[in-house]
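A short worksheet on the structure shown next.
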Amino acid sequence: MDLHNKAFSTRAVHAGERVKQDRFTPVASPIMPSVGYIYESMDELDAIFANTQPGYIYARYTNPTSSAFEHAVADLEEGEAALAFASGMAAIQAALLASGVRAGSHVVSSFDVYGATHTLLTRLFAELGVKTSMVEISNLEGVEAALKGSRPTALLVETISNPLLKVADLPALAELAHRYGAQLLVDNTFATPYLFRPLLHGADYVIHSATKYLAGHGDVLAGVVVTSASNRARMFETNKLTGGTLGPFEAWLALRGLKTLPLRVRQQFANAASLAEWLSSRPEIAQVNYPGLPTHPQHALARKLFQERGMGGMLSFELRDATRAKAFRFMESLQLCLPATTLGDIYTLVLHPATSSHRTLTDAQRRQIGIGDGLVRLSAGIEDPADIRTDLEQALEKINA
Ligand SMILES: Cc1ncc(COP(=O)(O)O)c(C=O)c1O
């Protein structure tokens, strides 16, 4: 099907599908769990091994269901090609390696990123000889100074940051990264391609934890990187050795979820916006972090980048006079919202970053970012907003009880 010039919601439904079989074309891509694939001739198999002909060889390399998912995500992110991985973290390390990060390289990263991303760089990659400078991404002068000083291989940022909801000025960061010879790697998990497509603004790699909004139903772990065909080929060769490949069952669930991405995120973004406004008026809450609030330091930038599409479905807030015990009491009192360690689902989810998503950081690293014991992150689901508000209200009332 020619999806050229079709709207985002149309492409979300059809992209990646209708792969012709011998005598028919399935409407929805089937799950293909075969580990091995055979061909009429050994020459054909040899050509596929050599990448001179497309095809499937062995499930660790890839499988037809993952290919369908990859085509769909590449289409939605408006990139040349995509490679799917077994998790978002597998996707992040693959993109870093493909960008050329090796022992002796330098990386500049926003310090406000998902905790495992932070620790991957500051612990595992550090042990392997990669130096990382952590920067405040909203301070472009500071980012430029770090780029100029270290001439890094990669600049890594999140479009909307986890957990403080900072917005990255991606057009400006792409220009800066390229000026100093770095590739720009963007984790677009919080924003989704519905809100923003970083490759159109100069990014070299776009990464998703597809576990979150892309798959959207809290039942599959997956990751994906969208980039140029040549970068994808590099990741593919490495992944054949490291084996962080997405399985066909997971790929099928992720592709199925992708079809309703626009429908889901419109409701999630609207719910998050109304909750952010309501939470801002509550006496138990000292601060709400949400790009849609006029008080957000990058509200104007968010409007410029995201236009009328919304401001995302994620927010975080500081409980007043915060202690860990208070935050835990709040979370334990919730009856509808789920205190589960994930985001971007149809369910409304709350999380305590200091003890979960950012647990692997040191106290000093959390202090640098601004993650205190009273910070709570909320991922708006698709439930009725009044029901979510009622649940949050009764839990807030119990904090000081
Ligand atoms: C922004 C962001 N990127 C990457 C990841 C890692 O994804 P996964 O859990 O699929 O490995 C997460 C997980 O929460 C995340 O929040």
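Since this is a predicted model, take the numbers as computed values, not measurements. Just follow the structure's listing: the first ligand is 1, and inside any ligand the first atom is 1.
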Legend entry - Interfacing atoms of ligand 1 (cut-off 4.0 Å, heavy-atom, D187): 1 (C), 2 (C), 3 (N), 4 (C)
Inset, instruction - Check ligand 1 against S87 and write out every atom of the ligand that is under 4.0 Å from a heavy-atom position of the residue. - result: 10 (O), 11 (O)
Inset, instruction - Return yes if some donor-acceptor pair links the side-chain N/O of D345 with the main-chain N/O of G218 below 3.5 Å, else return no. - result: yes
Legend entry - Minimum-distance protein heavy atom relative to atom 15 (C) of ligand 1: Y114 CG, 3.6 Å
Legend entry - Contact check: I92 vs ligand 1, nitrogen or oxygen atoms, below 3.5 angstrom: no
Legend entry - Pair H352 + F328: ring centers closer than 6.0 Å: yes
Legend entry - S209 and its side-chain contact (heavy atoms from CB on, under 4.5 Å) partner, picked from I92, T189, V224: T189
Inset, instruction - Report yes if K212 has an N/O atom closer than 3.5 Å to an N/O atom of ligand 1; otherwise report no. - result: yes
Inset, instruction - Using atom types as modelled and distance alone, determine if a side-chain donor or acceptor of S161 lies under 3.5 Å from a backbone N or O of P163. - result: no
Inset, instruction - Can you pull out the closest protein heavy atom to atom 16 (O) of ligand 1? Residue, atom name and distance to 0.1 Å, please. - result: N162 ND2, 3.0 Å
Legend entry - Salt-bridge criterion met for E237 and K240 (N-O under 4.0 Å): yes
Legend entry - Within-cut-off N or O pair, T211 and ligand 1, under 3.5 Å: yes
Inset, instruction - Give the ring-plane orientation class for Y56 versus Y37, where under 30° counts as parallel, over 60° as perpendicular and anything between as tilted. - result: tilted
Inset, instruction - Pull out every atom of ligand 1 sitting under 4.0 Å from any heavy atom of L343, numbered as shown with elements. - result: 16 (O)
